[in-house]
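One-based numbering along the sequence shown. Worth saying up front: this structure is predicted, and the values here are computed from it rather than measured. When a ligand or atom number is given, it counts from 1 through the structure's own listing order.
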Amino acid sequence: MFRTHTCGELRTAAINKEVTLAGWVQTVRKFGSITFIDLRDRYGITQLLFSEALNAKLDANPIGREYVLQVKGKVNERSNKNKNIPTGDIEILVEDFTTLNKSITPPFTIQDDTDGGEDLRMKYRFLDLRRNAVKKNLELRYAVNRATRDYLHQNGFMDIETPFLIKSTPEGARDFVVPSRMNPGEFYALPQSPQTFKQLLMVSGYDRYYQIVKCFRDEDLRADRQPEFTQIDCEMAFVEQEDILTMFESLIKYIFKAVKNIDYTESVQRMSWEEAMWQYGNDKPDIRFGMQLLNLKFPQHFFTQKESNAHLIDGAGFGVFDDAETVVALAVPGCSDYTRKQTDELTEWVKRPQIGMKGLVFIKYNTDGTFKSSVDKFYTEEKLKAIAAAAGANPGDLILILAGPEERTRKAASELRLEMGKRLGLRKEDEFKLLWVLDFPLFEYAEEENRWVARHHPFTAPKPGDIQTMIGNDPKIENAADYLKHPYASIKANAYDMVLNGNEIGGGSIRIYQKALQQKMFEALGMDEEEQLHKFGFLLGAFEYGAPPHGGIAFGFDRLCSILGGSESIRDFIAFPKNNSGRDVMLDAPASIDAKQLKELQIRLDPQG
Ligand code: ASP
C-alpha cells in the first residue's frame, strides 16, 4: 500500500501503530540530532520525527520544502502537543523514507498567511491551490455543488448537457467566437447561457432540467466578474412564477443547511423592483439593515404611485435642492456626534468619481433633541425637525442628504447607505438575508439606439395583464425625450431576481411560449422578420409544435460560493481563474496562434484593424 493513512487522520488511538504516509514537506526544523518535518496532504498535517538516535542512517538533511516523501514509521505520543491541529497529539517516529520527488524552492511560502502577492500566486496557481485557505474555498464550492445536485435530483430535475459551440446571437453581452476550420469563414459562439436550449428541452418534454454549467461573456471585467463563470441553470415546464419562487428558495435554504448548517426557516421576503428602487435606491438591496431612503424630491414619472415630499424642502431658497431633479435623505443611527472632520471626509467620499456627487448636506439630530445642519441658513429648526421625522430619524442620528440628477443621485444614495452600513458593522458576514425582487420592467430604453432592449432577455414574458399592452401598441418611440410616456415603459416582466446580502445571486423569468408573442417581442427590440428567422428561427419553429408554458432561473454559482465563504471575490472560489484583464497568467492565455493554424482557418490578421 502506498499509504496506510492520510496526513490528517491519525490520533492517539493509533499510538504504536506502524503506518505509511505520503505528502509534501511543509516545514523542516532541525535541532541537533533530531529533525521535525511537517508533512502535508489535502487532509492535514502530521509531524514527522527523524531521530539519528533511532536510526543513524536516516539523513533528513537533503529534504527541503515541498519535497514529496513516502514515510514509514510508528505513531508516537507527542510530548509537546499542538492543540491547533487535529493530529497535534501524535507524531511519526520515522523508520524509513523515500524521496518520491524533489522541489525547487517555491516562489512563495505555502501556508495560510503567505508572502506571495496575487499575481505571483496566480502564475503558480498549482502551488497556491496547495494552501489551506484556497483548499477550504474549493471544498466549500464542492459542498455547494453536491447540495445543489442532491436537492434538484430529489425534486425530479434531470441534468442534461447542452452544447458549447453554438451560434452567435448577441443580445446583451458580447459573444466569444470560435472559427470553424471545416466551415471556413464561419464561426461558432460560446454560449452566454444555455437559455434557448433549456427552453427547447421544455418543448421536448423534459419538464425539470438543470445543469451546473459554464457560461461565457465577453464583457469588460469588473473585480467580481470572470469571462467564463458557472451557473446553476434550471428550467421547469407547467409552472407559474409562484412555483418557481417556492422551488428555488427551498434550494437555497437546502444549500444553507447542507453547507453552513443554517436553518433558514423564515419565508423569503419579497419586494417589487419599484419598491426596492424607492426604499434602497437599488434593485438588489442589502436588507440586513434598515436605513431606508427618504425620497424628498423625485421625477414623478419614475414613481407614479408615490406621493411627493417636496413640500418639506421647497420654498427655502436653497438652490441645490430647488434645482435638483432628485433629493434623497437617509438617517444614519447614532452618528449625530460626527465631527467636522468626519463630515468633511464623508463629503469627499460622495465626491469621488465613482460616486460622482457635487456635495453632501447633513443634519445632526442631537441626543438632546436639538438640530445642527449644514443648511441652517435656509431651514428653520422646525423644518429640519419635519425632515428628520419623515426620514424616520431618532435623536442621535445623522441625516445625510444628496441632491442631483435622478439616476446618479439614487445610485449614490444606495452606495452611501451601504458604506454607512459597513462602517456601523450592520453588514454582518455571518448573517444571511434572502430577498426576491419582483415585477421588473420588461423593457429598458437604449438612448443611443432609440429603441427598447429587454431588461432580462428577449424570452421573458410580460405579466399576463400587460400582454395586451404589448400586442396592441406599436413599439416605435416617436419622441425620445418622452420615452417614459410610451405604453411599453410601464409593462412589467414576469421576472424575478434572488438577492442575498445585497448581491444578485440568481435571476429568471416565466418565458414567452407562443410564437406570435415571441415575434412581437423581437419586433419590439427592433428585429425585423429576416433577422428574427436568421437568429432565432429554430426557437420560433419549435414554438409551433406544442410548446408548454415554462419558466426558469439561473444562479451565479461562483458568487453564491463566495458569499457563503465570506469573501468579496469570486476568484477565490475558482480553481483556475482569470485576472482582471481576462488573462490566465499561468497559461499566459490568450495568446497568438501560429501561421499554419490561421491559414487553415482562412483567417488573416489585420493589426491596423
Ligand atoms: N439565462 C438567464 C441568465 O443567464 C437566466 C434565466 O432566465 O434563466 O441570466
>> Less than 4.0 Å is my threshold; does some heavy atom of Q192 fall inside it relative to ligand 1?
In response: no
> For R288, what residues pass the salt bridge (Lys or Arg N to Asp or Glu O under 4.0 Å) criterion, not counting sequence neighbours?
Replying inline: D286
> ligand 1 versus R217, non-hydrogen atoms closer than 4.0 Å: side chain, backbone, both, neither?
Replying inline: side chain
>> Show, in sequence, the C-alpha distance, side-chain angles and deciding distance for R146 and T148, and conclude whether the side-chain hydrogen bond (donor to acceptor under 3.5 Å, both in side chains) test is met.
In response: CA-CA 5 Å; R146 275 184 47 195; T148 303; over 6 Å; no
> Which pairs count as salt bridge (Lys or Arg N to Asp or Glu O under 4.0 Å) when at least one residue sits in residues 435-444, sequence neighbours excluded?
Replying inline: D439-K463, E444-R455
> Looking only at N/O atoms, are R511 and ligand 1 under 3.5 Å apart anywhere?
Replying inline: yes
>> Among all the protein's non-hydrogen atoms, which is closest to atom 2 (C) of ligand 1, and how far away is it?
In response: Q195 OE1, 3.5 Å
> Under 3.5 Å, side chain of S569 to main-chain N/O of R571, donor-acceptor pair present?
Replying inline: yes
> Between F536 and F538, how do the two ring planes meet: parallel, tilted or perpendicular, split at 30° and 60°?
Replying inline: tilted
>> With a 3.5 Å distance limit and no angle check, can you tell me whether Q602 reaches the backbone of P184 through a side-chain donor-acceptor pair?
In response: no
>> Can you check which of E235, Q199, Q231, K198 brings a heavy atom nearest to atom 8 (O) of ligand 1?
In response: K198
>> Under 3.5 Å between any N/O of S193 and any N/O of ligand 1: does that happen in this structure?
In response: yes
> Is K136 salt-bridged to E139, cutoff N-O under 4.0 Å?
Replying inline: no
> Do side-chain atoms of S204 reach the backbone of Y206 as a donor and acceptor pair under 3.5 angstrom?
Replying inline: no
>> Within the 4.0 Å heavy-atom shell around G508, which atoms of ligand 1 are there?
In response: 6 (C), 7 (O)
>> Show me which atoms of ligand 1 lie under 4.0 Å from any heavy atom of G507.
In response: 5 (C), 6 (C), 8 (O)
>> Quick check on contacts: which atoms of ligand 1 are under 4.0 angstrom from a heavy atom of I553?
In response: 8 (O)
> Which part of E504 is near ligand 1, with near meaning a heavy atom under 4.0 Å away: side chain, backbone, both or neither?
Replying inline: neither
>> Does only the side chain of T460 get under 4.0 Å from ligand 1, or the backbone, or both, or neither? Count heavy atoms.
In response: neither
